[in-house]
Every structure is written in C-alpha cells, then in structure tokens.
Number of protein chains: 2
Amino acid sequence: MTTTIRQVAAAAGVSLATASRALSGSPAVVESTRKRVQHAAAELDYNPNRLGRSLVTGLTGNIGLIFPDISNPFYTQFLAELESVVASRDIGILIGDAHEDSDREASLLRQMATQVDSLVLVSSRMTDFQITAAAARLPVVLANRQLEPGTPVPELLSQIVIDVDPGFSAAIEHLHTLGHQRVTYLDGPARSWSAREKRASLSQACARLGIDLSILRVEKPDFDSGRAIAQHLDPATSVVVAFNDQVALGVLSICRDRGIRVPDHMSVVGCDDSLPLGLAWPALTTIDSSSGALGALAARAVLDPAAHRTGSVPTRLIVRDSTAVAGASAR
Amino acid sequence: MTTTIRQVAAAAGVSLATASRALSGSPAVVESTRKRVQHAAAELDYNPNRLGRSLVTGLTGNIGLIFPDISNPFYTQFLAELESVVASRDIGILIGDAHEDSDREASLLRQMATQVDSLVLVSSRMTDFQITAAAARLPVVLANRQLEPGTPVPELLSQIVIDVDPGFSAAIEHLHTLGHQRVTYLDGPARSWSAREKRASLSQACARLGIDLSILRVEKPDFDSGRAIAQHLDPATSVVVAFNDQVALGVLSICRDRGIRVPDHMSVVGCDDSLPLGLAWPALTTIDSSSGALGALAARAVLDPAAHRTGSVPTRLIVRDSTAVAGASAR
DNA sequence: ATAGATAATGAAAACGTTTACATTCACCCT
DNA sequence: AGGGTGAATGTAAACGTTTTCATTATCTAT
C-alpha cells in the first residue's frame with residue numbers, strides 16, 4: 001500500500017542503509033547512487049514514515065500546545081502568531097484544549113509527551129510541581145504563567161509572561177484623572193496566574209491613588225459570562241474594568257439592553273485588544289496585551305530554549321470611547 | 001530515563017507480552033497478574049509510548065486539520081467546535097496552516113499522513129486530483145468544499161458543506177425590498193470553493209430580481225483587506241455585500257473614517273456571524289453560516305466516516321442595523 | 001490414567017526507520 | 001609487492017510497542 005524505504009532501496013538496487021543515507025543527505029554516499037535512490041523514491045512516491053524515524057532518533061519534529069480554552073480569541077491569536085514564526089521549519093503542531101481543567105491538562109500532557117519534542121503550556125492551571133515534573137522529561141515553555149518566586153527553575157523550562165503593570169497602572173491613572181473614586185473589577189478564573197497578576201497590579205494602583213476597588217469573579221472569561229455578571233451589577237457602578245475584552249463586551253451588551261449609557265453612565269475598560277474593538281459601540285477602551293506577541297516570543301523560546309529562558313511582553317492603555325469623566329450623565 | 005513497558009514487565013515479574021496484555025485490558029490475563037502489572041506501572045509512572053504502539057497497530061490516535069489561515073475566526077471557531085465534539089475520546093489534534101497556498105497544503109498533508117488516522121481539509125485550495133489522491137491513502141473529510149460534480153468520490157472521502165443559498169437569497173431579497181437596485185460584492189479568494197458558491201448564489205438571486213451586481217475581489221479576506229478595498233470604492237456605492245464579516249468590518253471602518261454613514265448612505269452586509277457583531281457600530285446585518293456547526297459536523301464525519309459521507313449546514317439572514325432603505329440619506 | 005481441550009503465559013516477529021559496526025575494494029606509499 | 005588508508009556500501013541492532021504463535025500447566029471427560 002504505502003511505500004517504504006525498503007522498496008525504494010530495492011528499486012534502486014541498494015541496501016536499506018544506503019537508501020536512508022542517500023535520502024537524508026549523508027555525505028558518505030556517492031553522487032551517482034544518490035541520484036538513483038532519489039529517482040526511485042520520486043518514482044514510487046515515497047514519504048518517510050515519521051513514526052519509524054522518531055522511534056529511533058528520539059525526535060518527532062512536533063511541538064505540543066496546551067490551552068485552557070481554544071475558543072478564546074486570546075489563545076487563537078497566540079496560536080496563529082506562534083504558527084507563523086514556526087512555519088518555515090517544517091514542524092508539526094499538536095494542540096490540546098484543557099477546558100480550564102488541570103486534570104485534563106495533565107492528561108493531555110501525558111498523551112503528548114511521547115510525540116512532541118517540546119511543549120508549550122499556555123496559561124497553565126497545573127501546579128508548579130506538575131509543571132516542573134513535566135520539564136524534567138522534555139523542554140517546556142511556560143507562557144502567561146510563572147513559577148512561584150523561589151521555586152527552583154528546571155534547566156528545560158522557559159517562562160514567557162505579560163507585564164501587566166504599565167497597562168493597568170495607566171488605566172487606573174486614566175480613570176483617576178477622569179475623577180472616578182470607585183472601580184469594580186471583573187476578575188478572571190481562580191486558578192489563572194495572569195488573573196492574579198492583574199488583580200495584584202490593579203489593587204496596588206488603586207491603593208496608590210486612593211481608589212476604592214471591589215472585585216467580582218467570572219469563572220469562564222467569555223462574552224456570556226460577562227453578560228451574566230453584568231446583570232447583577234449594582235446600578236450605581238460607575239466603572240467596570242474587565243479581565244478581558246470578551247467580558248467587557250458582555251457588559252457593554254447588557255448596558256445596551258438596560259439603557260445604561262456608556263460612557264456617560266458607566267465607564268468600561270477591557271483587556272487584551274483581542275478583537276476589532278475600535279468598531280464596537282462604543283469603541284472600547286482597553287489594555288493592550290498582545291497575545292500575538294506572546295505567541296511569537298513563545299515560538300522563539302521553543303526554537304532556541306537556551307537563548308530564551310525568560311521573556312516578557314509589555315502592556316499599554318488604549319483609550320477609546322468607553323471611558324469618560326465621572327458623573328457625565330449629570331451634564 | 002523514561003520508563004518502558006519492558007521495565008514494568010520486569011518489575012512485575014512477567015514477560016513483555018503479558019505486561020502489554022495486562023495494561024491493554026486483554027481478557028487473556030488472570031486478574032491477579034493484571035493487578036500486579038498495573039501496580040508496577042503506576043509505581044514507575046509508566047506512560048505508553050504512542051510512537052511504538054502506532055508503528056505496530058497502524059493507528060495513531062491523532063487526526064489532522066489543515067486550514068487556509070488559522071488567524072481567521074471562521075476557522076478558529078470551526079476548530080474549537082470540532083475539538084469539543086472530539087474531546088471525550090482522547091484523540092490528538094494536529095493542525096496545519098497552509099497560508100492560502102496549495103503547495104504548502106500538499107506538503108502539510110505529506111507531513112501529517114504518517115502520523116494521523118484521518119485528515120480534515122478545511123476550505124482546501126488543492127485540486128480535486130490531489131484531494132482524491134489523499135483520500136486513497138487515508139480517510140479524508142472535506143469541509144467547506146465539494147468535488148466537481150461528476151468526479152468519482154473515493155470511498156474514504158466525506159464532504160461537509162455550507163448551503164449558502166437560503167442566506168444569500170434572503171439577503172438580496174431583503175435589499176430588494178429596501179429598494180436597492182445595485183449591489184457591490186466583495187468576493188473572496190480566487191481558489192476558494194465557497195467563494196465561488198457565494199458568488200454563484202448571489203448572481204442568481206440578483207438576476208432573479210433584476211438587481212445590478214458588480215464584483216470586486218479580495219485576495220485575503222481579512223479586516224485590513226476590507227479596509228484596503230473599501231478605500232477604492234465608488235463613493236456612489238449604496239450596497240456592499242462582503243465575503244465575510246472581517247471584510248465587512250473593514251468596510252465599516254473606512255466608512256467611519258470618511259464620514260460615510262451606514263446605513264444611511266451605504267448598506268453593508270457581512271457573512272458568517274463569526275464575531276460579536278451585535279456590538280459593532282452599527283450592528284452588522286450578516287448571513288449566518290456557522291463555522292461552529294460545520295466543525296461539529298466534520299467531527300462527526302471523522303468519528304464515523306461511513307455514517308456521514310455528506311453533510312450540510314444551512315444559512316440564514318440576520319438583519320441588524322447596517323442595512324436600510326435606498327436613498328435614506330435624502331430623508 | 002490418559003488424551004484432549006482450555007487457560008495463562010512466554011518467545012519472537014513485526015512495524016519503518018536510523019546508525020554503529022563490519023565488509024569490500026581501489027588506491028597510494030614505501 | 002604488500003600493508004595501510006579511506007571511501008562506499010552492506011549487515012544488523014535498536015527504538016517501544018502489539019500480536020502471532022508456541023509452550024506450559026490445569027482441568028475435564030473418557
């Protein structure tokens with residue numbers, strides 16, 4: 001059925017070994033026989049079986065990516081950008097969706113372990129212990145997550161993070177300048193490292209400026225959850241900062257339904273700039289934390305782990321039309 | 001380093017073969033030894049090497065997906081939905097981005113061929129010949145694409161398509177009812193089967209109602225291309241129907257820049273309903289062709305090819321605020 | 001008691017490669 | 001001339017499994 005290198009060798013009248021050498025470009029084979037083998041291979045439409053090769057070389061030519069939720073544009077952008085960096089080498093990409101479940105994540109990891117050369121864990125929900133254990137077996141790039149400070153970092157582990165501080169500080173300063181005194185933050189998943197980072201950065205900034213911060217949690221940070229939580233929001237709320245843009249858009253959508261005018265009655269700030277938000281109504285003010293850039297950095301860490309043990313992408317505030325001065329409705 | 005079944009066998013004091021049988025649940029092993037082997041396996045943290053297994057069984061437990069462009073939300077939604085259907089079985093997913101290039105697509109196919117059990121080609125740009133050749137080697141699900149009528153369909157080929165007709169007819173009727181006489185269509189990639197389908201459906205509907213149709217082509221159907229082409233649009237254009245939502249949003253964005261009011265000066269219709277378009281400004285009228293449903297159908301075809309040789313998802317018009325009566329600006 | 005069936009296990013082949021080692025052969029140098 | 005060198009190729013082992021076939025042990029029926 002499918003042709004093997006054995007058949008190619010037979011057709012070219014050489015041994016298995018010579019055929020292999022000829023096709024893999026070993027210099028130890030004379031040009032005439034190489035030609036002969038290549039011709040036979042082309043003739044028989046031979047494609048090397050990657051499984052057989054991997055088994056003996058120990059290299060698969062694949063990398064694995066594990067996400068908490070592929071349907072989230074934040075991750076698909078990450079994926080797209082990583083792919084385009086990696087595309088030139090012909091590297092296979094295995095993906096897994098953990099559905100926000102650390103057990104499922106661990107099981108995907110086990111499944112992938114034997115068929116990839118390295119692994120990218122994006123916003124992993126696993127414990128530091130599980131992660132370092134994985135990094136003991138194969139190179140791991142940890143994206144949008146960091147080990148607890150003080151944890152010994154395995155040789156084979158790279159850490160790529162988003163520096164949320166500049167963006168979130170700027171956002172709070174922006175709101176402060178507009179005269180707001182209270183901010184409601186719609187926090188992300190409990191087990192998410194980046195949610196903790198954002199929360200920490202936010203409370204620090206609020207403390208600095210004397211702003212009153214109250215926190216609500218959204219377990220799955222998507223559009224529908226944003227709508228759900230917005231429905232129970234105190235009508236007096238004047239500022240909502242959301243874990244990501246989907247949640248912010250959910251809030252916007254409820255506001256529209258209820259006739260709460262944004263930004264006059266309520267200011268809304270998103271995070272990520274992951275969609276064509278300039279076209280939202282109103283255009284959404286957001287904290288840009290390019291998941292694409294994160295993906296590109298992760299890709300480089302995969303290709304050359306030694307050179308990219310750590311990396312960080314910056315954030316910045318993008319002011320659009322969903323934020324305005326406090327009490328604008330009174331005007 | 002990593003433990004093999006051989007070590008498990010040794011630890012349990014049984015042969016290689018018995019260990020394998022015990023772990024794979026063969027009934028030909030007595031319960032006491034099975035326990036012993038399982039215990040040893042757990043003790044040594046044994047994970048079967050999928051490569052070794054695949055080589056002998058001929059089954060990999062993986063499926064492959066090839067897209068023209070993963071950064072397009074249409075495809076990421078397809079992917080997410082397919083993943084969630086397939087998730088319960090533990091099936092690995094290999095993805096490849098052809099970047100709209102049929103050569104690259106063919107090379108991805110070659111790369112994947114030996115490490116997947118079946119292949120999903122989404123909006124394939126390859127020739128019928130290439131596709132049927134692939135289907136001769138392994139089961140193929142063709143999504144958003146159909147072989148030319150008359151081409152013999154290989155045993156192992158399933159075809160899942162979008163029935164664009166109802167949606168596009170409704171859109172044109174809608175525009176007709178609003179009094180429009182001319183429509184500009186921003187067509188998709190030249191090699192795209194679905195672009196051809198949409199174009200055909202559109203011209204048919206226009207012919208039926210006596211509407212004048214002019215067609216412009218966008219090679220990469222994304223937001224930026226939408227902006228680019230909208231810049232050269234005749235200012236007198238009153239209706240734009242776009243190949244997909246991204247292009248439509250690009251048009252909207254240019255309209256906003258230039259002060260062309262939508263829908264008063266110009267009506268805009270998107271296609272796919274792939275984003276939270278209800279929040280766009282103005283909310284975009286679109287032809288819903290759920291890529292998610294397409295992905296779910298493709299998933300079913302992958303899991304049971306015999307039962308799902310063909311499939312089709314319907315389309316429908318969703319009227320929002322980006323379409324209005326002709327000459328509304330005059331009012 | 002013995003033949004024959006049946007149940008449990010072991011030995012070895014097989015999957016498709018790559019690669020360490022062995023072999024052949026021509027050539028060069030003294 | 002003969003030993004040594006090096007280049008080209010071949011032989012066989014190895015990667016980690018599953019599975020066929022052979023072997024042993026146990027039980028049943030005569």
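Just so it is clear: chains get the letters A, B, ... in the order the sequence lines come, proteins before strands, and each one is counted from 1.
Between A:F67 and A:Y75, the two ring planes are tilted [angle within 30° to 60°].
Put simply, CD on B:E31 is 16 Å from P on C:dA7, counting in whole angstrom units. As a whole-Å value, the separation of A:I5 CD1 from C:dA14 P is 19 Å. Put simply, CG on B:L59 is 20 Å from P on C:dA14, counting in whole angstrom units.
B:R145 and B:D128 are joined by a salt bridge, as a carboxylate oxygen and a charged side-chain nitrogen come within less than 4.0 angstrom of each other.
Across residues 36-58 of chain B, B:L55, B:V56 each have a non-hydrogen atom less than 4.0 Å from an atom of DNA chain C (numbered order).
The shortest side-chain heavy-atom distance between A:R34 and A:E31 falls under the 4.5 Å cut-off. A:V161 is not listed as a side-chain neighbour of A:E197, based on a closest heavy-atom distance of 4.5 Å or more.
B:S194 and B:S192 share a side-chain donor-acceptor pair at under 3.5 Å.
If you walk DNA chain D from 5' to 3' and mark each nucleotide with an atom closer than 4.0 Å to a heavy atom of chain B, the marks span D:dG16 to D:dT20.
B:T33 comes within 4.0 angstrom of the backbone, heavy atoms only, and of no base.
A:T60 approaches A:D117 most closely through the heavy-atom pair N-OD1, 2.7 Å.
If you take CG on A:L297 and CD on A:E81, they are separated by 11.0 Å, rounding to the nearest 0.5 Å.
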Next on the checklist: Determine whether A:I5 and A:S20 satisfy the following criterion, side chain to side chain contact (heavy atoms under 4.5 Å, CB included), listing intermediate values before the conclusion.
Outcome noted: CA-CA 7 Å; A:I5 202 175; A:S20 172; 3.8 Å; yes

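When the side-chain nitrogen and oxygen atoms of B:S15 are compared with OP1 and OP2 of C:dG10, one or more of them lie within a distance under 4.0 Å.
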